[in-house]
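Computed over heavy atoms, backbone and side chain alike; hydrogens, waters and symmetry mates excluded.
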Amino acid sequence: MRSLLVGFTLAVMCITTPRLAAQKVELSIDASKTGAKIDRNIFGQFAEHLGHGIYEGIWIGPDSRIPNTRGIRNDVVGALKAIKVPNVRWPGGCFADEYHWRKGVGPQRSVTLNPNWGGVTEANTFGTHEFMDFIDQIGADAYVSVNVGSGTPQEAAEWLEYMTATAPTTLGKERAANGHRAPYKVALLGIGNESWDCGGNMTADYYVSQMKIYSRFVRNFNPAQQDKQKMLKIAVGPGGDGPRWTDWTETVMKAYQQHTWSWDINGLSMHNYTVGHWPPSYASVGFGETEYSQILKSTLEMEGLISKHSAIMDKYDPDKKVALFVDEWGGWYAPLPGSNPGFLVQQNSLRDAILAALNLNIFARHADRVRGANIAQMINVLQAMIITDKEKMVLTPTYYVFKMYLPFQDATFIPVTFDAGWYTHGAVALPRVDAIAAKDTNGKLWLEITNLDPNEPVEVEAGLSGITAKSASGETLTAPKVDSVNTFDATNTVMPKPISAKVQGGKVTLKLEPKSVTVVSVEQ
Ligand code: AHR
């Protein structure tokens, strides 16, 4: 009888006890305190000749029955235009240090091999003109990585002359004969890629001697880029946080400090993937809370890495003239079963959306030094924006995060103070929330708040000073499961939906769903 009673009481309690109240997090934002500009280039993309990133993802050729403009997919262009891609880094990656531009211009293209990525043939049908046409169609700038590993300074110098010289030079005339009379704009120049590894396994000192030569002789002749819009030269930087990498940053930055009139750099690249452990073995779909929390823990290491290398840069460049370009970042997981392992094919889930938001927030908090970043990679490879299969296309959860963050492009950072609290799962403890704020170019205030906790909602109360808030609304992105994905058959599983907030007494309050990314604007 007694046990029956206990059972009955427990049952009643289960039915009548309300679900745990949402966790409460208070943010404090003084809109009159402004920080650095969040450079739109932190929303850059990376397109390497790798798997179906270029071929099929962008280039299908003019004869394809898939709608295209001069061989470039219209659906992909439309989607990328909508996220205002600031720049595209091309042609690699490791591929860049084996790329010889001449094979990819003119009516006759050489067929070569792509030994880095699956050993497949490289038709070179997507070359300089096709890349420039593509970025022109999507409205992005060119970030061209020249071949330092297996090329020569002369080859790179001639490529730049071919792209940027006005017609009277022989190379300029050749470009015109190949269909483009006006010089191309090259906004960003990568001097090699991972020269410490796939780019030639150089020592830092050896790289610096190469970097100086390339910086000096690889010139941009575009008349429009001489005084204004000057091409920024990005040197190879670190790929981790151990002594090998800190020594590399020291060596390059020390050389920069002593640079003379004859050479210069404007940026130092940094590569950091969220892998969990190497080789990549975390599944990109079909995982649970354990893998969700572990990968997010791992991605937050970006903060320490940037702080560490920024501190070294500060020693040699206290005025922060050299930008840190995180020009390869994102989740790198096990290849999807049945795919060519050299093609780096993976799914893109709600976890990736949260991972993207966390990294973008880290970049924004370091906006004074981090003025460029390129997620790897734009289409069909690693943490892609877009996945295609023949005529089909699907936009990933990461794509939607980039779309939601549009107001942060070139916005002014505003510090947010908050006690995030903790979400714990097993041995993993993560901040429950993350948040940034910024004023857009029209002076409107925007907040981004991520709820990392996959189980509990969060009640956010943002105290605002420096502005009189009247209303607030925006979009939130979540999905049923941490590994929810969009597929060709179900394209809308992970999509932003509208969210509104309450504004009262200088406070904005809103309820965040578990595992969600939210962006709201505040009307004054
Ligand atoms: O993005 C894939 C590869 O990762 C790039 O080619 C290389 O730079 C990095 O190691």
> Which residue pairs pass the salt bridge (Lys or Arg N to Asp or Glu O under 4.0 Å) test when at least one of the two sits in residues 79-88, sequence neighbours left out?
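Listed once each, the pairs would be none.
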
> Sort and list the pairs that fulfil salt bridge (Lys or Arg N to Asp or Glu O under 4.0 Å) and have at least one residue in residues 225-238, not counting sequence neighbours.
none

> Mind checking salt bridge (charged side-chain N to carboxylate O under 4.0 Å, His left out) for K37 and listing every partner two or more places apart, or none if nothing turns up?
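Testing K37 for salt bridge (charged side-chain N to carboxylate O under 4.0 Å, His left out), a comparison that skips the adjacent residues, returns D410.
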
> Using the ring of F413 (Phe, Tyr or Trp, six-membered ring only), decide whether R365 places NZ or CZ under 6.0 Å from its centre and within 45 degrees of its axis.
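No, R365 and F413 do not form such a contact.
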
> Not counting sequence neighbours, which residues clear ring pair (Phe, Tyr, Trp, His ring centres under 6.0 Å) with W446? List them please.
none

> Could you verify whether a donor N or O on one side chain and an acceptor N or O on the other, from T398 and Q383, lie under 3.5 Å apart?
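Yes, a side-chain donor-acceptor pair sits under 3.5 Å.
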
> Restricting to side chain to side chain contact (heavy atoms under 4.5 Å, CB included), what partner residues turn up for A283, sequence neighbours left out?
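For A283 there are no side chain to side chain contact (heavy atoms under 4.5 Å, CB included) partners, ignoring immediate neighbours.
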
> For a side-chain contact (heavy atoms from CB on, under 4.5 Å) with L189, tell me which candidate from N266, L160, N220 qualifies.
L160

> Less than 4.5 Å apart, side chain to side chain, heavy atoms only: is that true for N451 and S516?
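In short, these two side chains touch, coming nearer than 4.5 Å.
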
> Quick one: salt bridge (charged side-chain N to carboxylate O under 4.0 Å, His left out) partners of K254, sequence neighbours excluded?
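So K254 forms no salt bridge (charged side-chain N to carboxylate O under 4.0 Å, His left out) with any residue.
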
> Apply side chain to side chain contact (heavy atoms under 4.5 Å, CB included) to H259 and list each qualifying residue two or more places apart in sequence or on a separate chain.
Y256, W263, D264

> Mind checking what makes side chain to side chain contact (heavy atoms under 4.5 Å, CB included) contact with H52, not counting sequence neighbours?
E56, F343, N380

> Identify, with sequence neighbours excluded, every residue that meets salt bridge (charged side-chain N to carboxylate O under 4.0 Å, His left out) alongside D483.
K481

> Could you list all the salt bridge (Lys or Arg N to Asp or Glu O under 4.0 Å) pairs where at least one residue sits in residues 299-314, not counting sequence neighbours?
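Output for this query lists D314-K320, D314-R369.
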
> For D97, give me all partners under salt bridge (charged side-chain N to carboxylate O under 4.0 Å, His left out), at least two apart in sequence or on another chain.
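Checked D97 against salt bridge (charged side-chain N to carboxylate O under 4.0 Å, His left out); zero matches.
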
> Going by side chain to side chain contact (heavy atoms under 4.5 Å, CB included), name the residues that satisfy it together with P480, two or more places apart in sequence or in a different chain.
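For P480, the residues satisfying side chain to side chain contact (heavy atoms under 4.5 Å, CB included) (neighbours in sequence not counted) are S484, T493.
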
> So, are K507 and E461 salt-bridged, with charged N and O less than 4.0 Å apart?
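A salt bridge is present here (some side-chain N lies under 4.0 Å from a carboxylate O).
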
> Check for me whether the distance between the ring centres of F402 and Y405 falls short of 6.0 Å.
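F402 vs Y405: aromatic centres not under 6.0 Å.
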
